[in-house]
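Some notes on the structure that comes next.
For ligands, and for the atoms within them, numbers begin at 1 and follow the listed sequence.
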Amino acid sequence: MKLVSVVVPCYNEQEVLPMFYEEITKVTGQMMRDFPELTFEYLFINDGSKDTTLEILRSLALKDERVRYISFSRNFGKESGMYAGLENAKGDYVVVMDADLQHPPAFLPEMYSYVRNGEYDCATTRRVSRKGESKVRSWFARKFYKIMNKISQTEIVDGAQDFRFMSRQMVDAILDMSEYNRFSKGIFSWVGFNTKYIEYENVERPAGTSSWSFWGLFKYSLEGIMAFSTAPLAISSLLGIISCITAFILMIITVIKTIAFGEDVAGYPTTICVIFLLSGLQLFCTGILGQYLSKTYLETKNRPIYISKETAESYREKQKERSSESSGENASSEK
Ligand code: UDP
Ligand code: MG
């Protein structure tokens with residue numbers, strides 16, 4: 001028998017969660033009929049939701065043995081959610097997918113067919129269109145992938161997603177990368193292994209709202225660049241070299257003008273210009289340095305990637321205790 005763990009990070013997903021559960025159980029039910037070797041577990045990560053997501057997960061866990069969940073002590077972000085899911089998944093295969101049905105469960109049988117015979121270690125989807133997304137957003141997204149692939153050795157496929165069907169081997173490789181500043185698109189690619197891309201058109205959310213603001217995505221993309229490329233550090237040295245050369249040329253011109261043509265040097269404006277230019281460059285470069293230093297600082301602290309507050313197991317245990325306590329009380333009150 002092969003166990004497939006379906007890992008689902010959830011943040012304020014009360015509207016779609018019941019829909020998602022219905023959909024995923026339908027698909028996995030069909031898969032168990034088509035591939036008798038498969039069994040499933042669902043591992044939901046409640047990433048500090050402020051709505052009733054946790055209550056929904058609790059009731060699902062009582063109703064369905066295969067449902068497990070981990071509830072964080074606060075919102076740690078989707079990256080931490082995925083890490084927690086991968087770390088706690090028990091499966092021979094692990095699927096990572098969003099709760100909002102933008103990663104259609106209907107793809108699972110096809111994904112499994114690629115991973116099943118070991119030809120591929122990972123099957124994933126790739127959006128070929130960004131239908132339903134604003135023009136500005138998709139323009140920035142495309143530019144991000146272009147820049148990223150230019151300055152980083154790790155290839156990040158445009159439109160690649162966090163919807164993945166992975167073998168245990170690949171999951172273990174990802175777990176070995178326990179860095180604090182996580183950028184999964186880069187990590188998936190960095191670990192290598194054979195990956196099959198299935199192309200599809202973007203699907204819109206049936207309910208709820210995306211929790212990514214434009215600014216949030218922008219910061220996330222900088223995170224990605226810094227996690228997988230040191231090119232910005234090289235840019236600062238390049239800028240330094242360019243400004244040195246400029247200063248040198250200016251110097252020669254001034255000397256020639258003074259010696260050969262006897263011209264007076266206009267001191268004040270040139271000095272101000274040079275001061276502004278150079279101090280600006282210096283600040284810019286120190287800024288880049290500081291960014292990398294701050295990331296290194298966070299890594300050396302070795303903080304946990306997530307903190308779990310409640311799990312399906314602990315909840316079931318508590319419910320069992322409670323019910324045995326109340327039955328004990330009933331028995332004693334009857335006496
Ligand atoms: N998510 C999460 N923690 C967060 C933000 C999002 O676990 O802090 C989950 C969310 O519940 C969903 C997935 O990550 O399952 C993708 O989020 P969303 O749909 O908001 O992003 P988008 O599809 O717009 O990229
Ligand atoms: Mg979404």
**Request:** Report yes if the side chains of Met111 and Thr125 come closer than 4.5 Å at any heavy-atom pair, otherwise no.
**Result:** yes
**Message:** Could you tell me if the side chain of Val94 sits less than 4.5 Å from the side chain of Val4, heavy atoms only?
**Reply:** no
**Message:** Please state which option from Glu13, Met82, Lys78 has its nearest heavy atom closest to atom 12 (C) of ligand 1.
**Reply:** Glu13
Qualifying residue, where the test is side chain to side chain contact (heavy atoms under 4.5 Å, CB included) with [X] and the options are [options]:
| X | options | value |
| --- | --- | --- |
| Lys257 | Thr254, Ile253, Val255 | Ile253 |
| Met166 | Asp172, Val95, Leu86, Asp121 | Leu86 |
| Leu38 | Met1, Arg116, Lys2 | Lys2 |

Measure the distance from [atom] to every protein heavy atom, then report the residue, atom name and distance (to 0.1 Å) of the closest one.
| atom | answer |
| --- | --- |
| atom 23 (O) of ligand 1 | Gln102 OE1, 2.7 Å |
| atom 25 (O) of ligand 1 | Trp212 CD1, 3.7 Å |
| atom 24 (O) of ligand 1 | Ser210 OG, 2.6 Å |
| atom 19 (O) of ligand 1 | Asp100 OD2, 2.5 Å |
| atom 15 (O) of ligand 1 | Pro9 O, 2.8 Å |
| atom 5 (C) of ligand 1 | Ser211 OG, 3.3 Å |
| atom 16 (C) of ligand 1 | Asp98 OD2, 3.1 Å |
| atom 1 (N) of ligand 1 | Tyr11 CB, 3.7 Å |

Any donor-acceptor pair under 3.5 Å linking the side chain of [X] with the backbone of [Y]?
| X | Y | value |
| --- | --- | --- |
| Asn149 | Tyr145 | yes |
| Asn75 | Asp47 | yes |
| Ser152 | Phe228 | yes |

**Asked** Measuring to the Mg ion (ligand 2), does Asp98 have an N/O/S atom at a distance below 2.8 Å?
**Response** no
Number the atoms of ligand 1 from 1 as they appear, then name those within less than 4.0 Å of a heavy atom of [X], with their elements.
| X | result |
| --- | --- |
| Asn75 | 4 (C), 8 (O) |
| Asp47 | 2 (C), 3 (N), 4 (C), 7 (O), 8 (O) |
| Cys10 | 7 (O), 11 (O) |

**Asked** Between Arg137 and ligand 1, is there a nitrogen or oxygen pair with a distance under 3.5 Å?
**Response** no
**Message:** Taking a cutoff of less than 4.0 Å between a non-hydrogen atom of the residue and any ligand atom, is Gly77 in contact with ligand 1?
**Reply:** yes
**Item:** Side-chain H-bond candidate by donor/acceptor type, Gln30 with Arg33, under 3.5 Å
**Value:** yes
**Fill in**
In this structure, CD of Glu41 is separated from CG of Leu3 (nearest 0.5 Å) by 5.0 Å
**Message:** Please report, to 10°, the angle around the Mg ion (ligand 2) from atom OD2 (Asp100) across to atom OE1 (Gln102).
**Reply:** 100°
